[in-house]
Amino acid sequence: MAQKPSIPKGTRDFSPLEVNRRNYIISTIKKHFQHFGFQPIETPSFENYDTLMGKYGEEGDRLIFKILNSGDFLKKVPDDVYQEKNSTQLTPKIVEKALRYDLTVPFARYVVQHQNELDFPFKRYQIQPVWRADRPQKGRFREFYQCDADVVGSTSLWQEVEFVQLYDAVFTSLGLKGTVIKINNRKILSGFAEVMGQPDKLIDFTVALDKLDKIGKEKVIEEMQSKGITPEAIHKLAPIFDLSGNFLEKITQLKQLLASSEVGLKGVEELAFIQKVIATMPLVTAQLDLDVTLARGLNYYTGAIFEVAAPKTVKLGSIGGGGRYDDLTGIFGLKGMSGVGISFGLDRIYLALEELDLFPKTQENATQLLFINFGEEEALYAAKALHKLREIGVNAELYPDNAKMKKQMNYANKRSIPFVVMVGTKEIAEETYTLKNMLTGTQETLKLTDLIGAVKQEVL
RNA sequence: GUGGAUGUAGCUCAGUUGGUUAGAGCGCUUGAUUGUGGUUCAAGAGGUCGUCGGUUCGAGACCGAUCUUCCACCCCA
């Protein structure tokens, strides 16, 4: 081999085991999406450059994979732009397509484009890969799947309630106990800025506040002051650094704190409603927690903000997130469409399940039975039983070559195939099959109907 | 995008201040065993030491660049 082939940075190959496990997670999520009335859509891997640019902030624009135009693309570039060597100016001249960066913006585009065919509120789910030109880290890749569910065209808080229940249903189903669904509301954060009397500092304030559990109260206050937030303002909001108690108690404290802010109180009310409904129908394994430091996606979220933390036993960040964005489709010209949605972090969930050993032991797709090949005539005889077994739903195969017994048995071992059937001249003469259990080592010789019965009992 | 670590056989890793032919364990192939796998024993295959360049009589080791993976920041799933 001249040089070992490789794959681009931040991309992965998946082995059969990994694909089976990923499919297990995806099919579980999909099942619950459907239970909650979401319908699947798919959108292209790449969109028009203009559709994506400017939607994710300056940082986002940099992380979008751009697709170079075909043909002699440099010919059309004006000389002055070419001479300048300014990438930001040159890029739009040589690029008109870009890889999907997330599923939300393509969804917004989809809704606007198909608005006349859709019945609102429109509930869709979408499970597809997205691409980001990020620097990879553990659990972070340049190509990864997002599993999103969104509702567009309804401002009802029942949607938020349902998403909390959906999270609970999926993680319960996966056996992932002790997840914490953290919820916040953008209106509460706006309320904080109002109470401070520095509404222009909203972003600086929340970005710093978001780091509370990471760097601690002192450092957060330090950062806020360095951003020009006055000590008086911070003092007014001091209670939020030590907010404690259960959901209801936090609500009570926030009501007092935000008494002077109309929008802030509105946010508190919204959370109170969600908590009230959830309280009447308790979650199975997840815990709902009010976390005012939650400040993800501030650029677009306008109401609820969600984030799901993995169980404390695994050191992983969030395994899901979401929120409400009034005017989801406004950027594409359709005003007044409120959207709310959540996302599942497939790769993080995979890591969590792996660490907690929660993947089902029996791999659905794996071969359950192997016919040993003793030669042409024997193979033909075996193939008839093989066909029958497949018909009743057994995953079975015939070793394709008349290889040494040892080799064939080894093959069954390596692939963890639990049963092996041997047919030689003796069995053909008796019209029987010898079924061997590879785990216990026991074997018995059976007629076809008994073989089918035995296999049925063991593997189905 | 900024800063730091890393790379030796399929995998996990040794390799002394630069010095003959680069090692181990596991895995792999073959045999002991022509209808019985996992255990055991024996033999064998497999490396231009990430890549390119430099220093040197001599580089796996030192220097530079580049790529990969990982970590922190930023951001995020």
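Per chain, numbering begins at 1; letters A, B, ... match sequence-line order. Predicted model, so just to flag it, every value in this text is computed and none were measured. Computed over heavy atoms, backbone and side chain alike; hydrogens, waters and symmetry mates excluded.
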Does [N] pair with anything, Watson-Crick or G-U wobble, both distances under 3.5 Å, and if so, with which nucleotide?
N     : result
B/U6  : none
B/U12 : B/A24
B/G46 : none
B/C73 : B/G1
B/C41 : B/G31
B/A65 : B/U51

Considering only the [atom1] atoms, how many Å lie between [N] and [M], rounded to the nearest integer?
N     : M     : atom1 : answer
B/C71 : B/C57 : C1'   : 41 Å
B/U17 : B/A32 : P     : 48 Å
B/U69 : B/C63 : C1'   : 23 Å
B/U21 : B/U68 : C1'   : 31 Å
B/U12 : B/G47 : C1'   : 16 Å
B/C74 : B/U56 : P     : 45 Å
B/G4  : B/U8  : P     : 22 Å
B/A14 : B/C26 : C1'   : 15 Å

So what does [X] hit on the nucleic acid, given a heavy-atom distance under 4.0 Å: a base, only sugar-phosphate, or nothing?
X        : answer
A/Phe141 : base
A/Gly441 : base
A/Ile7   : nothing
A/Gly10  : sugar-phosphate

Measure [atom1]/[X] against [atom2]/[N] and give the value in whole Å, please.
X        : N     : atom1 : atom2 : value
A/Tyr350 : B/A77 : OH    : C1'   : 17 Å
A/Tyr101 : B/C75 : OH    : P     : 12 Å
A/Lys9   : B/C70 : NZ    : C1'   : 12 Å
A/Asp134 : B/C70 : CG    : P     : 13 Å
A/Lys182 : B/A77 : NZ    : P     : 14 Å
A/Asp13  : B/U69 : CG    : C1'   : 15 Å
A/Arg348 : B/A77 : CZ    : P     : 9 Å
A/Gln126 : B/A77 : CD    : P     : 15 Å

Check your understanding: Residues from residues 35-55 of chain A sitting under 4.0 Å of RNA chain B, heavy atoms only?
Key -> none
Practice item. Can you check each nucleotide of nucleotides 27-36 of chain B against protein heavy atoms at under 4.0 Å and return B for base, S for sugar-phosphate only, - for none, in 5' to 3' order? Key: -S--SB--BB
Review point. If you find the nucleotide of RNA chain B closest to A/Ser318 and the one closest to A/Arg62, which residue's nucleotide is nearer the 5' end?
Key: A/Arg62
Point to revise | Closest-nucleotide 5' rank along RNA chain B - winner of A/Tyr145 and A/Thr440 | key: A/Thr440
If you round to the nearest 0.5 Å, how far is [atom2] of [Y] from [atom1] of [X]?
X        : Y        : atom1 : atom2 : answer
A/Glu223 : A/Ile221 : CD    : CD1   : 11.5 Å
A/Ser173 : A/Ile25  : OG    : CD1   : 11.5 Å
A/Phe36  : A/Gln165 : CZ    : CD    : 5.5 Å

Review point. Is it the case that more than 12 heavy atoms not belonging to A/Lys447 sit under 6.0 Å from its NZ atom?
Key: yes
Point to revise | Salt bridge flag under 4.0 Å for residues A/Lys55 and A/Asp102 | key: no
Point to revise | Residues A/Arg62, A/Glu59: salt bridge by 4.0 Å N-O rule | key: yes
**Study point:** Residue pair A/Gln408 / A/Asp401: nearest heavy atoms and the distance that separates them
**Key:** NE2-O, 3.5 Å
Practice item. For residues A/Phe38 and A/Val151, report the shortest heavy-atom separation together with the two atoms involved. Key: CE2-CG2, 3.7 Å
Review point. Do you know which of A/Lys407, A/Met405, A/Met409 makes side chain to side chain contact (heavy atoms under 4.5 Å, CB included) with A/Tyr399?
Key: A/Lys407
**Study point:** Pairwise side-chain contact, A/Leu68 with A/Phe73, heavy-atom cut-off 4.5 Å (strictly under)
**Key:** yes
Check your understanding: How about A/Arg12 and A/Phe144: do any of their side-chain heavy atoms sit closer than 4.5 Å?
Key -> yes
Point to revise | N or O in side chain of A/Gln408 less than 4.0 angstrom from B/G37 OP1/OP2 | key: no
Point to revise | Pair A/Ser338, A/Arg324: side-chain N/O donor-acceptor within cut-off below 3.5 Å | key: yes
Check your understanding: Any idea which of B/G38, B/C71, B/C75 is nearest the A/Gln137 side chain?
Key -> B/C71
Review point. Any donor-acceptor pair under 3.5 Å between the side chain of A/Arg140 and the base of B/C75?
Key: yes
**Study point:** Distance-only donor-acceptor test, A/Arg135 side-chain atoms vs B/U2 base atoms, 3.5 Å
**Key:** yes
Point to revise | A/Phe344-B/A77 aromatic stacking (under 5.5 Å, under 30°) | key: no
